[in-house]
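Heavy-atom basis, side chains included; hydrogens, waters and symmetry copies ignored. Proteins come first, then strands; the chains are lettered A, B, ... in the order of their sequence lines, and each starts at number 1. Everything quoted here is computed from the prediction, not taken from an experiment.
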Amino acid sequence: MELTPVQVKVPSAIVTAHARPPALQVDGLVIGLVGRRAPMPVVTGLDLTLARQEVLGLVGESGSGKTLTSLAIARLLDGRSVQVLAGTVTLFGRDLLTLSEAQMRSVRGKEIGMIFQDPMTSLDPAFTIGYQLTSVLRRHFDLSRQAARRRAVELLGMVGIGDPRRRVDQYPHQISGGMRQRVMIALAISCEPKVLIADEPTTALDATTQAQILELIKDLAQTLHMSTIITTHDLGVVAEVCDTVAVMYAGQIVEQATTEQLFYHPQHPYTERLLLALPRVGVEQEMLGIPGAPPRAGQFPEGCRFAPRCGHAVEPDCVAHVVPLEHLAPGRTARCVRRPELTLRGVRT
Amino acid sequence: MLQMIMRRTLIAVPLLLIVSFAVFALTALSPTDPARAILGEGATPDSVRALRHQLGLDQPLLHRYWTWLDGVFHGSLGRSWFGNVPVGTKILQGLPVTAALVLSSLVLTAIIAVPAGLYAGMRTGSPLDRVASFAAGLGLAMPEFWVALLLILVFSEKLHLLPGTGATSITGNVLDDAKHLILPIVALSLPQICALFRQTRASTALVANQDYIRTARAGGISTHELVWTRVAKNALVPSATLLALQLGRMIGVAAVVESVTGMHGIGSIAVQAALSSDIPIILGVVLVTAAVVMAANLLADIATHYLAPKARQS
Amino acid sequence: MTLTYPDAAGPSVLPAAEPSEARRVATLRAFLHRRLATTALVVFLLIVLAALFAPLLGLPAPNVQELAARLQGPSWKHLLGTDELGRDQLARILAATRISLWAACQATLVGVVLGVPLGLAMGLVGGRLDSIISRAFDTLQSIPPLILAIAIVAIVGRSLTPAMIAIGIVFSPTFYRISRAAAATVAGETYIEASRSMGQRTHKIVLTHVLGNVSSALIVQVSITLAFGILAEAALSYLGLGVQPPSASLGSMLTSAANLLNAAPQLVIEPGVVIIVLALCISLVGDALRDVTSGEQVG
Amino acid sequence: MTETMPLLTVRNLNKTFPVRRSALGRATEVVHAVNDVSLEIEPGSTLGIVGESGSGKSTLGRVCLRMIEADDGEIRFADANLRQLSAAQLRSTRAHMTTIFQDPYSALDPRWTVGQIIEEPLRINGSHSRAERRTIVADILPRVGLSADAVHRIPRSFSGGQRQRIVIARALVTRPRLVFCDEPVSSLDVSTRAQVLGLLRELQSEFQLAYLFVSHDLGVVERMSDRIAVMYLGSIVEIGAAETVAQRYRHPYTAALVSASPAADPVAQRARHRIVLNGDPPSPIDIPKGCPFHPRCALAIARCATDKPELVMTPNGHGVACHVTNADRTLTGTTLFDSMVERRLSFAAERTTS
């Protein structure tokens, strides 16, 4: 087994995106809150394609269902309160939702690596960083204690932690927030997974640390040939690292495109408003908020879910019927009935 | 680590002094005159005065305390007011009995409650968990001595399986001692098992929902491995603290269970002393039990130190 | 300039929120929704009422001996039978329950009064004084509760009240610890800092913000202490250190019954069952109250 | 004269926190949270303070409002010497300087209704009757964009953005002159963020408010502020007009902050060079000798490790604390940026060749 990263320049992901079968495909995913009452869908019929070695941004406000989606892919939902109600999740041709729990365990960590939002609470306070790394490594590889430890030190070095030999024996509370997120990344890539899912990896971090962490994820995705999903509420993060973007609103994908297309030629009013809401240093452009708040699960409007907050919404077109996702080109979709007649503003107009 | 143990041991000395002085000072408030109590109603004022002088009761409080303390430093806890037996001797007679009872109960409590609590805590809301939790609530509501009475009624009086009386002393005949100890141990541990079960279950349920457990699951670690490594280490911190506290409770409750089953432990010695207002014995028992509980707390702190590295800093 | 916001708290996107009074009703409803807890509450209230109004129930006086009718089984005249002195067992149990409940209340009251105010203050203030007082309460906790009660009885003579006060004293560290921890948690909330930044004084912060938010933790501890108080009273009276004859308490009834264990087991079982039912009901109600007042997990 | 007087003037403010104490209670280790800071805020204007976590920016705000006591230094609020006020005087001054907190979830007592929450400052103040308080609360709700029926609801039924509006209403209900905004939008989604910032700006002009606006996001601070102060490890390293600091910055740390904030434009983003700082900010417990930034600075010279640079002010109010750029005035904005990138690249080249 070769564990050292190989320095190979990978051709741009977009070029190869549709030439080969995708790394991960999500079809008609429905996630619902379950409990005493009837299941209440939160994510309703989500389709998502992650091409090999691309970095996909899954963008949405809090409550849009993006975190639930990423947890559902790794089958990490707390089954007592949230469950996948319908749909398939296919990883390199294998349907994950039909695997047994034991089979799924060997997928987690080995084939799908996960990075979670809050580095303060996502590392176990009672165990050393080294233990947390080696227990995952030894779960998936037949490694001796020493070999696993050597690999853990190596991994810490790879994610840019100085003095890894000392750090490996420290506890999470002894290191800074930025460094903890690096440990999280080391944990996620420890078994060189083919798919990396990062759920809001930089939200809890400072601006300068955020830039470092994004840079690191981007580099690692490239050197380890990983296909990556990054969920975020911040399109700024997307501009930084993503090849393609899927915008989620109220449990649905409303637009999917390459990053450039989405930023320069958005096809959904929600995307336009998200772009206008971005603060940009040194650019004289008013920051505009999106009025109102997203609907809660169980109270999704009948027609277009964004209509109550949308400046372009008209009756009855936008409110009467369910709006289908329109396929404009390969990898390019939008969910807006008025799309053909609207000219939406991108960041360069 | 060693430093912490040293520091805590050093702190324990003044704390024990405070405890003993507080109890000693309370005796000064006693409405009954021990000398008169010892001699009975028919005693002459002269003989009462003589006895008071003999017991040192006519000395000022601080002087008496100092005399007593001086004795303690020389290995003597004073003498009983009745029968003139040294307090130390009496306590040493009772100590092995109580120790056997309490320590066995403590071990039984830990080995039943902790795994059961971990198991139930990982499955909160399941039928099994609900039944176990209700049973624990029921067990907590039972007075130990009443359980002991029922156990005697069933296993000794009706079924003749076990002796109804507890061990009066530890004879060294393990099998015989064990036979005599079984019913008292069961009675003493039942509520404590329930209490520790509830604590362990609650903290397990809390830990099982933490982000870091999800992280470990995302790494492919199995639930089984998680429970016995990650969850256990995080969840058992409050359980360790509770177990130390339970030692104290058990020593107190042992007094009642010992009385029910006719054992001669320090608990029943204390009860006898209380019924006759034998203050020196009471003082000795309080001091010894407080020292034992402090030692147990120290052990709990050491356990916490090992289980929760974050607590080490403070 | 007038500000108009089309996005003003859009009622179309928000569920109808509960006003505060409706919330209280909802809390009550959530409690009543728990069948077990509601049953426990009803049973507990029935026992308390029966104990309080026992003289009105037309039962024989609890201390009247009827030596001709000793150790009788249940009958219409004596619903639970009679004891070894021919006294009516039901009347004695009700009288005993009143004493036991009162004793438990005494212990709990002492624990609350000693522990809660100091705990709230120290949790909010922190610092040096906090560590000294916390250490003092720790020390108190190193004396086993029953042992201290036994010691107090030895010193002041056999009587229930001092013994229960002793139990309360030994339980005050728990109240202190819980209210201190809860207050410290609340103190870390920004709304406390906000209140301070508006110039609010500390004692008012305790009354307005802290007390309400630590109540659910305290309710549980009160119920635990009440239940423990009933058990402790039983133990002390059983040992002859509490209530003195001929007064009946649930514990002292068991003392005499223990000698007749084989002959009249019902005399042991009946008071025991009352103790268990009381203690169980109190803790069930306490647990349910905690669940419904702590809010988030309701529904 | 009085017309141009600043609303808040701070001179040589210091604040340390003990981290560890010896057995005798003496502080053996201290955090230097605020280190010799001076600043001014004009009535009705915004001073933005930007810095990473641990830079002491929030502590500075708290000290300025005397929510915590400074070690030394002078604070003048309007015509009052804030640090000399008695407890009673301070309480009455509190109505004029209020705070908007970062986390709208913990800033509201979960058991209180919105009406009770918003009127709390008035009740503490004791200046209004019950009926008056009710009217004032009813008046302010629509101004922060909340509907009138919010009064009887509890915070749990509101979203983060709406909660922040409640916090804002509470801060404004006493008609303050200075509002300390402590990271008011950093826990909100980007879309809600812009909404709340817009509201804050409208309220500023309506009520003639002065803001002390603290954030770690330079983009947000630039949007909101008239002047910006950049803080690093308790010291102000650069201060000046918002546009100047964001575009013609002259401190290497400001350059790094600008480079770290996303351009929100994928092509521009990929085209530009990045100043990635080495490692995490050092702990405020052992602040490096000399310039606090020198261990992470690409331009550091020998002198930076020994002398702490003074904040040198230009006549137009732009101040920089850096030995290198104060000596070489051509290093500003993009030229500073380029020279930093160049230095890093040449470092990297040296490292690979050696």
Between chain C and each of D:A171, D:A107, D:G161, count heavy-atom pairs under 4.5 Å; write down the option with the most. D:A107
For the residue pair C:S195 / D:E120, report whether a side-chain donor-acceptor contact shorter than 3.5 Å exists. yes
Under 3.5 Å, side chain of D:R76 to main-chain N/O of D:T9, donor-acceptor pair present? no
Salt bridge check, D:D139 against D:R143: does any charged N sit closer than 4.0 Å to a carboxylate O? no
C:T190 versus D:Y105, side-chain donor and acceptor atoms under 3.5 Å: no
Any residue of residues 208-215 of chain C which, by heavy atoms, sits under 4.5 Å from chain D: C:T208, C:H209, C:G212, C:N213, C:S215
Measure distances from D:L65 to the heavy atoms of chain C and classify the residue's part below 4.5 Å as side chain, backbone, both or neither. neither
Once salt bridge (charged side-chain N to carboxylate O under 4.0 Å, His left out) is applied, do any residues pair with D:D189, and if so which ones, sequence neighbours excluded? none
Cut-off 3.5 Å, side chains only: do C:T174 and C:Q221 have a donor facing an acceptor? no
I'd like to know if the side chain of C:R98 and the backbone of C:A51 have a donor-acceptor N/O pair within less than 3.5 Å. yes
Looking at D:R66, D:R123, D:Q102, D:M67, which makes the most heavy-atom pairs under 4.5 Å with chain C? D:M67
